[in-house]
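Presented below is the structure to which this report refers.
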There are 4 protein chains.
Amino acid sequence: MPEHVKTPDPARRSERSRQAILTAATELVSEVGYQKLTIEGVASRAGVGKQTIYRWWPDKGAVVLDAYLALTNADAGLTFPTTDDLEADLRLVLTSTVGQLADASFARFYRSLLTAIQNDEKLARQLNERLLGPWLEATKERLRVAVRAGEIADADLDAAVDLFYGSFYYRWLLRTGPLSTEYCDSVVALLLRALRP
Amino acid sequence: MPEHVKTPDPARRSERSRQAILTAATELVSEVGYQKLTIEGVASRAGVGKQTIYRWWPDKGAVVLDAYLALTNADAGLTFPTTDDLEADLRLVLTSTVGQLADASFARFYRSLLTAIQNDEKLARQLNERLLGPWLEATKERLRVAVRAGEIADADLDAAVDLFYGSFYYRWLLRTGPLSTEYCDSVVALLLRALRP
Amino acid sequence: MPEHVKTPDPARRSERSRQAILTAATELVSEVGYQKLTIEGVASRAGVGKQTIYRWWPDKGAVVLDAYLALTNADAGLTFPTTDDLEADLRLVLTSTVGQLADASFARFYRSLLTAIQNDEKLARQLNERLLGPWLEATKERLRVAVRAGEIADADLDAAVDLFYGSFYYRWLLRTGPLSTEYCDSVVALLLRALRP
Amino acid sequence: MPEHVKTPDPARRSERSRQAILTAATELVSEVGYQKLTIEGVASRAGVGKQTIYRWWPDKGAVVLDAYLALTNADAGLTFPTTDDLEADLRLVLTSTVGQLADASFARFYRSLLTAIQNDEKLARQLNERLLGPWLEATKERLRVAVRAGEIADADLDAAVDLFYGSFYYRWLLRTGPLSTEYCDSVVALLLRALRP
DNA sequence: AGGTAACCGAGACGGTACGTCCCGTCTTCTC
DNA sequence: GAGAAGACGGGACGTACCGTCTCGGTTACCT
């Protein structure tokens, strides 16, 4: 497997350029959306040659993912709220997500990301590994705590977290209805009924 | 307000061309995906001038939506399975969807459509009016039947159908896990627990 | 020989664009020279898409050749001066060429053209057919008139015209010395000595 | 006028690199021609950093000139054939040049060089000083010998050598006709007629 | 003999232009 | 007047090189 693709040397990478590119991508995805975002636009706004982008990222999806992760500090640890009130914890997670998505530019950004993974399995895998997976695991861990406390039944937690987040994202992505606090309450209520011992 | 936009006369529209365009779009979206599908490609494959497409559709999203609707005969009535076994009915709906999505080219097509609506609110509205909305309503109607039969509690049905479909689409769109019959069973089981009287 | 290269239809060609392109090329080659002339620059100055250039010309050499021919009206007939004084006729041809080359922008243009043919045999052939060949033939014809009049010997006229023009272009292209009226006189004098009966 | 351009120290120059660069340039100009030769290509083939080229040569024209001079050992003395037969001497010079140009890779090289000087006056001057000038002078000296011997008239020798070489290069550079032994004979014959006492 | 300045290979960088693809509009000719 | 065909001005693609720069490493001179 010779692979003559001449991979660049990360040690020599310009941190200044990397930052400028991620910042430019973040701004542009908020301003014009993912589809209309162009590599040329990012390069120009970042004051960077196009090649510098192509050298380190395979396509614009990868740039946008990195920009999103940088923005949300995703690689830093994330913790699921864990008080002694399961219902309140679940409600908090949904309502704070509603709060984030109320910011139109964040919403556009996140929607872009989820659009991008539809056409790029590699990107989807990365998103899962670095963002969704850990978060789903944290959610399941919170539920396991509740199971051990006897608050909920020992059900199929994989399906449970899908019900939890899925109902929510379903509305948002397919735009079948508005997201509201009441809606969050309904979802949490139904989920807890499904999981009651 | 005269509006000089010179709208074409639908009476003179060529049915032959319309069909050819929808067929070409269907094939191409299966072959190359939504992002790489081009209006020029559709026109060429359909043996049609580009103007004929632009005359009748505003953009490629609308073409793909029409192609999808034509393919699934969506405008023809759709009926939710309604036997005397609610659990079986729900399970049937999910498993038959799993069956459809197992066809890679259909999956690609459907995924394309959902990608397209992320960047086009008008398209999202149309999809809701012509496809998702009626189907969600049919689902709720099935649940209302069960409520009247005393099989399930009189819960927030809007949230309930979101749990039902959402968990499913969440997995599929975000690629967080595989779709399987067992998974369908789990979702239905949890939903019924949430709705039991 | 199927040849699926999709050749464009000359009947639909935009004359306005063609003119704009040739004009822009003429100006740019005078301003910046052949090497620094870019297709993008020509397109931009002409207010034309790049594809419109690539559709009708294979490369910038061909554009520059056409621009030169349009400038010099070369396709219109050209006549070699033919009075009853051979020496004056020959001298006139050289001195008027000196005059043309004194215009720096014309000189740059012509030099560009001759540069271009060094790396493009096809272009060289076209230049010969449309410009150099007819002119060399006209020169030989003038000499044949003189032969018939008994003014000069019946020598190898091909070599004779090469001596005539070659000495001249040799100086100019290789920059071994300046072009002057006296130099023209010397060349004509030597040539006539070589050809005297 | 301090001039802070930091000129490199020729004493420390790597002879190995210099040779490798000239060799690589020679090969590449033969293989791909002057236009398609790139500094990066030369550096890569020579196993040399680009900076090492830019440090010692201003541009690729200069590299190619040096490569040509190294190839032809031009800086070593060159002598014009001087027997007691002027006609044979002249004929020998032309026919041996024909011989050299029959080598396609040499021809491409030489043509490249002459292309390069069209867009670079400084290079043209260097070529004249180091190659063309001495050779034209040697030719004129041979003719002066003939003048002193009474073999030819005391004409304008500058113009005479231009006739001699010009006719030849005119054909070759402008590709108006083939170079052959007969052609050489014709040129020499005409020149001698022009110069006969 | 050790220190240091310069050349060297390598190659990342901000750029420019390449030649191609497709956009959405416009024009021409046919049915 | 709708439609097939496709030229047009334009914008972005991903690639190739430009000429500059920065980075260790390796000489070669100079204390």
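Within every chain, numbering begins at 1; the chains are lettered A, B, ... in the order of the sequence lines, protein sequences first and strands thereafter. Bear in mind that the values here come from a model prediction, so they are computed numbers and not experimental data.
- As judged by a 4.0 angstrom heavy-atom cut-off over every strand, Gly41(A) is placed among residues making no nucleic acid contact.
- Summarising the geometry, the separation between CD1 on Ile53(B) and P on dA4(F) is reported as 9 Å, rounded to the nearest angstrom.
- Within the 4.0 Å cut-off from OP1 or OP2 of dA7(F), not a single side-chain nitrogen or oxygen of Trp56(C) is found.
- Note: CZ (Arg18(A)) to P (dG14(E)) measures 14 Å, nearest angstrom.
- Phe109(B) and Tyr68(B) have perpendicular rings, their planes meeting at more than 60° on a 0 to 90° scale where under 30° would count as parallel.
- Mapped onto DNA chain E by nearest heavy atom, Leu37(C) and Gly47(A) fall at different nucleotides, with Gly47(A) at the one closer to the 5' end.
- In this model, the phosphate group of dG9(F) is approached by a side-chain N or O of Thr52(C) to a distance below 4.0 Å at OP1 or OP2.
- Side-chain atoms of Lys50(B) come within donor-acceptor range of the base of dG24(E), with a qualifying N/O pair under 3.5 Å.
- Between the NZ atom of Lys60(C) and the C1' atom of dT16(E) there is a distance of 13 Å, given to the nearest Å.
- Across the protein-nucleic acid pair, Arg12(B) atom CZ and dC31(E) atom C1' stand 12 Å apart, rounded to whole Å.
- Of the possible donor and acceptor atoms, none in the side chain of Arg130(A) sits under 3.5 Å from a partner among the backbone N and O of Asp66(A).
- The CD atom of Gln35(C) sits 19 Å away from the P atom of dT16(E) (whole-angstrom rounding).
- Atom OH of Tyr54(A) is separated from atom C1' of dC18(E) by 14 Å (rounded to the nearest Å).
- Along DNA chain E, the nucleotide nearest to Ser17(D) and the one nearest to Ser17(A) differ in position, and the one closer to the 5' end is contacted by Ser17(D).
- Mapping Arg16(B) and Val48(C) onto DNA chain F by nearest heavy atom places Arg16(B) closer to the 5' end of the strand.
- Side-chain proximity of Thr38(D) to dC17(F), dG14(F), dC13(E): nearest is dC17(F).
- In terms of modelled atom types and a separation under 3.5 Å, the side chain of Gln118(D) and the main chain of Leu173(C) share a donor-acceptor contact.
- Of the candidate nucleotides dC8(F), dA4(F), dC13(F), dC8(F) has the atom nearest to the side chain of Arg13(C).
- Ranking dT22(F), dG3(F), dT15(F) by closeness to the Gln51(A) side chain, first place goes to dT15(F).
- The main-chain N or O of Ser30(B) is never found under 3.5 Å from a side-chain atom of Ser105(B) such that the two would form a donor-acceptor pair.
- Note on Trp57(A): every side-chain N or O is 4.0 Å or more away from OP1 and OP2 of dG14(F).
- We find that CG of Asp9(D) is positioned 15 Å from C1' of dT4(E), with the value rounded to whole Å.
- In this structure, Glu40(A) and Ala46(C) both approach DNA chain F, and ranking their closest nucleotides by distance from the 5' end singles out Ala46(C).
- For the OP1/OP2 pair of dC8(F) and a distance below 4.0 Å, the side-chain nitrogens and oxygens of Arg55(C) include at least one atom meeting the criterion.
- The closest donor-acceptor contact from the side chain of Lys60(A) to the backbone of Leu37(A) lies under 3.5 Å.
- Atom CD1 in Ile21(D) sits about 14 Å away from atom P in dC7(E), given to the nearest Å.
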(request) Evaluate the criterion salt bridge (Lys or Arg N to Asp or Glu O under 4.0 Å) for residue pair Arg45(B) and Glu40(B); output intermediate values, then yes/no. (result) CA-CA 8 Å; Arg45(B) 162 106 42 140; Glu40(B) 250 170 32; over 6 Å; no
